[in-house]
There are 2 protein chains.
Amino acid sequence: MARGATAPLYQQIADELRTQITSRALRAGAQLPTELALADKHGVTRATARQAIGVLINEGLVVSSRPRGHFVRQVDRMIYRPQSEWRPQPASPEMDRFMEEQTSLGREPSQVIGVELVTPPDEVARRLDLDSDQTAVVRRRVRFIDGMPFNTNDSYYPMTLVEGSPIMYPADIPQGANQVLTELGAEQVRAIDEIEVRMPTPDEVHRLDLSAGVPVAVHRLTGYTHDGRPVRCTINVLPGDRHVILFERAKPAPEHETDSTTPGGEPHRVDGSLADRGTQ
Amino acid sequence: MARGATAPLYQQIADELRTQITSRALRAGAQLPTELALADKHGVTRATARQAIGVLINEGLVVSSRPRGHFVRQVDRMIYRPQSEWRPQPASPEMDRFMEEQTSLGREPSQVIGVELVTPPDEVARRLDLDSDQTAVVRRRVRFIDGMPFNTNDSYYPMTLVEGSPIMYPADIPQGANQVLTELGAEQVRAIDEIEVRMPTPDEVHRLDLSAGVPVAVHRLTGYTHDGRPVRCTINVLPGDRHVILFERAKPAPEHETDSTTPGGEPHRVDGSLADRGTQ
DNA sequence: CGGTGCTCATTGGCTAGACAATACAGCCAG
DNA sequence: CTGGCTGTATTGTCTAGCCAATGAGCACCG
């Protein structure tokens, strides 16, 4: 495997730089050698040095700031906890160690970009059990932290359900959308979370101000009433360099006590009709 | 925004191809025009056409197979369900629609690569509450499906806990590791799942046979006993193009009934000591 | 003291061309 | 019909060099 001698030059250069980065010889935020300096040092042209740096950029290790230079990316992730819709405070005491945050939280202008009436995209219609001609209300927002876009959050509700309720108006809902659903007689008591990982679309790159080498997690939440009726479908797009997704679980009350082997269990191939963005 | 006229040539070419892919004019598996054909068509050099294709490769839309050509990537994801360690069958009936799989499951050679005694990496030691000199047992495996590497799975256990148990031997554990822990008087009844998204390391690229433009999800599972003692820490690396992570949740029994606003809740900045791979 | 414009180092974009590596098809000999 | 060889199309790697765009510092001027 380690063919060393025959590895392409740009790989060798990239490897050397990567080692310096992972070993912290080059710290987060530090500047890399300029393309010309790299090229000189290794006796190659600037194009080859550029190719080496390109590798690191696509690995998400390096950002380039023209024309200042290339720099080691610094990431700090914030905790994203889907369960907080029901449990503002974690239930497990163990959770504490993950929450020792520098509580910079607070400021969260949670800018609701708008409310629209739409015929929902397929992936949403299927999850909400809507026919292709039924409309849905979508509340789109982009959340910011310190003025930086942080994630996007599109919540779809069946139009027939939320008609006339505060959900239809682009104002903040102080008591929360869940409370509104409860008052409408459609309390959300169960939810299914799907998390998918991929590179962002150009649109997402633009809306979230992503740089190269940053993947996103797509978190799809479908909420159900007690009798299994879907009442909302939320699609969150979370930049990978800004989030850690956190769940806490407890072993369910013993019914039949069937212990399985390992987490992850048997993989099931996803039904094509639900495997969205099949080729992207 | 639509600067049109001044967008770089390689971007224009990439945009055109991307449109063809997302609109399914170019289906999954279809071959793209050759670099030379693209260059001729747009009146640019091969280098520029190459750059355009490079964009799509890093977006995960295209794979290249030398010297046959470039092709539209096809993805099909399998369901990965951390909760299956306790619930082989989903509890929510709603889950059914996500599980209509072509049940290709079965074959899962679950190849245990080995069992080692190690001083665990920092990220694991912290989660297992081990001092830096204490050792842990790690069971490393790479799971395959249809001969293709599918994900990696490294489970760490405190050495003092599992000494002498079947966990220390590189054979399959028919009853499951959880059962062994229970017999050792350390039943895992709670767990915390962390999911982080990033580009793979070169090592992961190699072990999982990843191609460019495929991010990974890192799933860290920490299991606790009834009295809050950590008994295992599992690190799963899941290629983004092969997995959908699925959770099901129910609203907890009402204690104080505090409804929050939106899923995701307030972001908390992650404590530096737990924000692993800070600069990578 | 403050603003205004210049210079410059550095990255971005692109051309032109050379040679290497390799899967695949097609041909030829047995 | 089979096995091996060869040619070819296509992508991978690299050189050499050009001009454009731009943030930052600096000099100059009001």
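First the proteins, then the strands, lettered A, B, ... as listed; each starts at 1. A quick note: this is a predicted structure, and the numbers were derived from the prediction, not measured.
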Legend entry - Verdict with supporting geometry, H42(A) and E16(A), side-chain hydrogen bond (donor to acceptor under 3.5 Å, both in side chains): CA-CA 11 Å; H42(A) 291 86; E16(A) 179 184 315; 3.2 Å; yes

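- Note on residues 207-216 of chain A: pairs passing side chain to side chain donor-acceptor pair (under 3.5 Å), not counting sequence neighbours, are R73(A)-S211(A).
- Under the side-chain contact (heavy atoms from CB on, under 4.5 Å) criterion, T48(B) pairs with L9(B), Y10(B), V44(B), T45(B), not counting sequence neighbours.
- Q11(B) is linked by a side chain to side chain donor-acceptor pair (under 3.5 Å) to nothing, counting only residues two or more places apart in sequence or in another chain.
- Residues that satisfy the side chain to side chain donor-acceptor pair (under 3.5 Å) test with D193(B), not counting sequence neighbours, are R249(A), H219(B).
- Taking every nucleotide of DNA chain C with any atom under 4.0 Å from a non-hydrogen atom of chain B, the first and last of them, 5' to 3', are dG13(C) to dC24(C).
- Between chain A and DNA chain D, the heavy-atom contact criterion of under 4.0 Å yields a 5' to 3' nucleotide range of dT13(D) to dA24(D).
- By the side-chain contact (heavy atoms from CB on, under 4.5 Å) test, A171(B) is found to be paired with no residue, residues two or more places apart in sequence or in another chain being considered.
- Partners of R46(A) according to the side chain to side chain donor-acceptor pair (under 3.5 Å) rule, which considers only residues two or more places apart in sequence or in another chain, are E35(A).
- For residues 40-48 of chain B, proximity to DNA chain D is found at R46(B), defined as any non-hydrogen atom under 4.0 angstrom from a strand atom.
- By the side-chain contact (heavy atoms from CB on, under 4.5 Å) test, P121(A) is found to be paired with E123(A), V124(A), Y156(A), residues two or more places apart in sequence or in another chain being considered.
- Not counting sequence neighbours, the partners of I57(B) by the side-chain contact (heavy atoms from CB on, under 4.5 Å) test are I53(B), V62(B), S64(B), H70(B), A212(B).
- T119(B) is linked by a side chain to side chain donor-acceptor pair (under 3.5 Å) to nothing, counting only residues two or more places apart in sequence or in another chain.
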